[in-house]
Amino acid sequence: MLAQLLQFLLAGLTVGAIYALVALGFAIIHNASHVINFAQGEFVMIGGMATVSLANSGLPLPLAIPIAVLAAAAVGVVLEKFAVEPARGASVVTLIIITIGASILLRGLATLVWDKKLHALPPFSGDQPIELAGATILPQSLWVLGVTLGIVLLLGWFFGRTLTGKAMLATAHNPLAAQLCGVNVRFVLMLSFGLSAALGAIAGILIAPITLTSWDVGVMLGLKGFAAAILGGLGSGTGAVVGGILLGIAESLGAGYISSAYKDAMAFVIILAVLFFMPSGLFGSKSAERV
Amino acid sequence: MLEVGTLTSHYGRIQALKGLDLTVREGELVALVGANGAGKTTLLRTLSGVQPASGGSIVFDGADITHERADRRVKRGIVQVPEGRQVFGPLSVEDNLRLGGYTRPRDEGDAELERVYSMFPALKERRRQAAGTLSGGQQQMLAMGRALMARPRLLLLDEPSMGLAPRLVEEIYAKVRALKQARTTIFLVDQNARAALSVADRGYVLETGRIVLAGAGRELLGNEQVKAAYLGL
Ligand SMILES: Nc1ncnc2c1ncn2[C@@H]1O[C@H](COP(=O)(O)OP(=O)(O)O)[C@@H](O)[C@H]1O
Ligand SMILES: [Mg+2]
């Protein structure tokens, strides 16, 4: 009984950590630009697919992974520079539509550069399950949890302790005042897209050995990350992490105790419920418009 | 130090600045007064580069900066305390100040911070507090302190006394006088024409995007037109 619950919780925590990383990407870009970047899931896909193809071409994982992350970050910066930046001053709805267009384009490009097949990435350190109080956990899950924890701590340090991080927060809160402080807000925007893309890519790489990856893996993961971000309160870093973990656990418990058929519906239910009853989420500020 | 020539600026098709000429010399305190909607804020925004100039020129220290990016102008030393303070509410007082020094070398930060705290001791007591929880007067001090962190060569002040009780207006103006004493070059905009012109070496009067009067601060205070329109006499 308890072992089974623990098993579900561990599974939920693992996938929740992935959602949290994707949600953090949504939060960072939303803070910088008020845009909900619906191409966020594509960064997840690029991370996984690029790592797979680099690894298949003979590159060892410790080399393939950073290259894939950097490639995704570069795509993020390009997206900002050539799709979002030229539309500066357009309405937020227009910008959101641009990101949807970008996501379709990126998926199309992925089928050209790579293919439409499912791909597996070898686990980072074997696939021998580890016993834990009657439940088991895959070594890859430990990687997911460990790396996510590390990233959350790193982001906490970056936004809480460095002047560049604080300049990003300041820009989110009041871009005019940030400019008057000498912050280059265009640079902040680019940095936000690059950082979000890197986070998404890392999520995609970490999860690839567990769930496989493909050209369209970003659609569902992007949606889940979005649900997590909404649940936590769009724009809140803490909210993104808590929202991700809660969504992962809710899905896992729902699949375990009710039916796995409804697993993916959980995200939709959460999006709708939050939008109806609690538009600013768990950690969001009062008005949904504000960052 | 600052030379503005036939400067124009538009909001869409509305022309807010209709060809301004003005100068600010090193060490001077120049005041700009004018009614609500005259274009004072627009002028300061255009000087800071957060509002585009549609024509004319802005020359600072001999360099044409009419179309330069806002952050580069801050690096040159043109620093603005915007209308309505615009502090970073969720961030602490100290973070607000440190962000003011964003363009300065990192190792100067601590010394600069102490200098600002000695000028505004109330900020030091509240250094860990979120800026949004400060009173209006304290937020104005914070906005000024934040600008000073950038070591301005030309300080632009937009309505520093707006919405403050008379005692606080006096306090803010005492700081402005102290800055002037320390040879900071200041361009001061205020609807409170009496306060602004009293501390100014020179002044300009702006009316619907045009300069209509210029002269020494005291001279303008005694001007009949100014008295009637802006001093309520
Ligand atoms: N963001 C804006 N969009 C359109 N018009 C504006 C905007 N800001 C100011 N204006 C107009 O420009 C003129 C000058 O405004 P402003 O510079 O704020 O004056 P002041 O600071 O002297 O009160 C006014 O007529 C005002 O209505
Ligand atoms: Mg104004």
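A, B, ... follow the sequence lines: proteins, then strands. Residue 1 opens every chain.
Separating the CZ atom in B:Arg98 from the SG atom in A:Cys181 is a distance of 13.5 Å, to the nearest 0.5 Å. Here the straight-line distance linking atom CG of B:Asp71 with atom CD of A:Gln179 works out to 8.0 Å at 0.5 Å rounding. Atoms CG and CZ, on A:Leu180 and B:Arg73 in that order, are 11.0 Å from each other to the nearest 0.5 Å.
Contacts of B:Arg85 with chain A are absent, with no heavy-atom separation under 4.5 Å from either backbone or side chain. With a 4.5 Å cut-off on non-hydrogen atoms, B:Val81 does not touch chain A at all.
Counting non-hydrogen atoms of other residues, nucleotides and ligands closer than 6.0 Å to CZ of B:Arg72 gives a total of 12 or fewer. Around CZ of A:Phe158, the count of heavy atoms belonging to other residues, nucleotides or ligands within 6.0 Å exceeds 12. Around atom CZ of B:Arg183, no more than 12 heavy atoms belonging to other residues, nucleotides or ligands sit under 6.0 Å away. A 6.0 Å sphere centred on OH of B:Tyr11 holds more than 12 heavy atoms belonging to other residues, nucleotides or ligands.
Residues A:Ala167 and B:Tyr102 share a closest heavy-atom pair of CB-CE1, 3.5 Å. Minimum heavy-atom separation, B:Leu91 to A:Lys166: CD1-O, 4.2 Å.
By the 4.5 Å heavy-atom criterion applied to side chains, A:Leu163 and B:Leu99 are counted as neighbours.
Counting heavy-atom pairs under 4.5 Å between each of B:Gly89, B:Ala150, B:Ser48 and chain A puts B:Gly89 at the top.
Test A:Leu169, A:Thr171, A:Asn174 against B:Phe88 for side chain to side chain contact (heavy atoms under 4.5 Å, CB included) and you get one pass: A:Asn174.
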